[in-house]
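Structure, as structure tokens:
Both counts, for ligands and for their atoms, begin at 1 and track the order of listing. All residue numbers in this chain count up from 1 along the given sequence.
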Amino acid sequence: MKYLVTGGAGFIGSNFIQYMMDKYPEDEFINLDALTYAGHTNTIERFNEYCNYRFVKGDITNRQFVMELFSKEKFDVVVNFAAESHVDRSINDTSAFVLTNVLGTTNLLDASKKYEVERYHQVGTDEVYGELPLDRPDLLFSEKTPIHTSSSYSSSKASADLFVLSYYRTHGLPVTISRCSNNYGPYQYPEKLIPLMICRAIKDIKLPVYGNGLNVRDWIFVEDHCSAIDTIIHKGKVGEVYNVGGQSERTNLQVVNTILEKLHKSKELISFVADRPGHDKRYAIDFSKIKSELGWAPSMSFEDGIAKTVGWYIDNELWLNEVTAGGYQEYISKMYGI
Ligand code: NAD
Ligand code: TYD
């Protein structure tokens with residue numbers, strides 16, 4: 001099998017390539033990534049030793065480039081991770097999200113249709129379902145929960161999902177979609193909650209917690225997400241959406257306190273800052289469909305996963321320094337002013 005993995009120089013895409021190359025050494029993997037602020041060559045340099053791997057620098061919004069690549073390579077499977085992925089950035093920059101997440105996805109769909117790929121898998125998010133209330137722990141997102149987005153990020157991802165499903169219905173393209181909860185683990189860019197807090201706590205810099213810190217997310221260790229996508233590609237039914245969750249709901253404050261405990265740092269580093277506009281209260285996933293139909297369930301507990309992740313960031317200071325060179329400090333000062 002020949003795979004195209006887009007966005008494979010980012011967090012989840014790079015973990016997915018590693019997972020798949022270890023599991024399927026006979027398959028071939030082409031990583032297409034534009035190397036935006038979120039994609040880094042030092043995330044993927046470890047793949048150079050694999051002879052079944054190639055990197056192609058390119059932008060999925062460039063239709064002609066995408067068509068030519070598909071014509072030349074004849075992919076069997078396409079897995080689309082490439083995206084603008086940070087809600088905070090989407091608050092002031094909708095257009096980048098529409099371009100990559102919507103237009104980029106439709107370019108990949110057209111190319112997949114024209115060159116008759118055997119499977120197009122779209123990496124989606126649980127954020128398309130909007131928010132759940134904090135006082136109803138019994139409520140969970142199922143695949144039947146209506147789309148009800150809050151941010152330009154989630155709106156663009158929901159739009160992409162709708163295009164993907166429409167290519168199944170209208171053109172018979174063999175598609176699947178996964179909608180996963182919040183990931184954490186090695187190689188996550190330090191703009192998202194967990195790596196941001198680890199990196200700042202290591203350096204004794206204040207930890208900006210939005211609002212009262214009581215918003216809830218369901219955390220999944222990145223390798224569990226990778227195994228879910230693998231399961232869907234190999235066993236999933238085309239035309240279907242599968243929710244993927246980590247069975248680890250935590251308030252943001254609980255997450256930050258756990259990180260501080262692991263690093264033996266003081267809770268006084270926590271700084272409550274203005275809330276994010278449109279901040280979704282709670283995400284929680286019902287993953288009974290993928291569990292009962294495909295036999296997948298997450299295997300990493302939050303306690304083990306966070307210990308592993310904190311340890312990885314301590315051991316990989318060089319990676320961290322490299323990805324936070326360039327525009328990172330400017331982003332942080334503009335975003336937090338602290
Ligand atoms: P990320 O921001 O770490 O990586 C995105 C990658 O896409 C980067 O390498 C970037 O260079 C590349 N990219 C961006 N625009 C591109 C373009 N126009 N052409 C080619 N490459 C481009 O993101 P991530 O956290 O790894 O998320 C990957 C996917 O998983 C996204 O689609 C995201 O919506 C989805 N997802 C993420 C989470 C999460 O918690 N991080 C949860 C559920 C779903
Ligand atoms: P984030 O990692 O941005 O993921 P998402 O918003 O897509 O779920 O944020 C996770 C939670 O952490 C979310 O409730 C917002 C909160 N948060 C903070 O409190 N402070 C921060 O600096 C960041 C980046 C997030």
Check your understanding: Do any nitrogen or oxygen atoms of Gly124 come within less than 3.5 Å of a nitrogen or oxygen of ligand 1?
Key -> no

Review point. Going by atom types only, do Glu191 and Tyr328 share a side-chain donor-acceptor pair under 3.5 Å?
Key: no

Practice item. Give the single entry among Ile229, Val123, Val244 that approaches atom 35 (C) of ligand 1 most closely by any heavy atom. Key: Val123

Check your understanding: Hey, is Asn252 touching ligand 2 through its side chain, its backbone, both or neither, going by heavy atoms under 4.0 Å?
Key -> side chain

Review point. Nearest protein heavy atom to atom 3 (O) of ligand 2, by residue and atom, and its distance?
Key: Arg276 NH2, 3.0 Å

Review point. Which option out of Tyr283, Tyr153, Phe81 puts a heavy atom nearest to atom 33 (C) of ligand 1?
Key: Tyr153

Exercise for review: List every atom of ligand 2 that sits less than 4.0 Å from any heavy atom of Glu191, numbering the atoms from 1 in the order shown and giving each element.
Suggested key: 24 (C)

Check your understanding: Within less than 4.0 angstrom of ligand 1, does Ser181 place any heavy atom?
Key -> yes

**Study point:** Test item: side-chain donor near acceptor, Ser152 and Ser90, under 3.5 Å
**Key:** no

Review point. Side chain, backbone, both or neither: which part of Thr6 comes within less than 4.0 Å of ligand 1 when only heavy atoms are counted?
Key: neither

Check your understanding: Is a salt bridge present between Lys289 and Glu143, judged by a nitrogen-to-oxygen distance below 4.0 Å?
Key -> no

Exercise for review: With heavy atoms only and a cut-off of under 4.0 Å, state how Val273 meets ligand 2: side chain, backbone, both or neither.
Suggested key: neither

Review point. Does Tyr24 have its ring centroid less than 6.0 Å away from the ring centroid of His234?
Key: yes

Practice item. Kindly confirm or rule out a cation-pi arrangement of Arg46 over Tyr187, judged by NZ or CZ under 6.0 Å from the six-membered ring centre and within 45° of its axis? Key: yes

Check your understanding: Between Tyr336 and ligand 2, does any nitrogen or oxygen pair lie at a separation below 3.5 Å?
Key -> yes

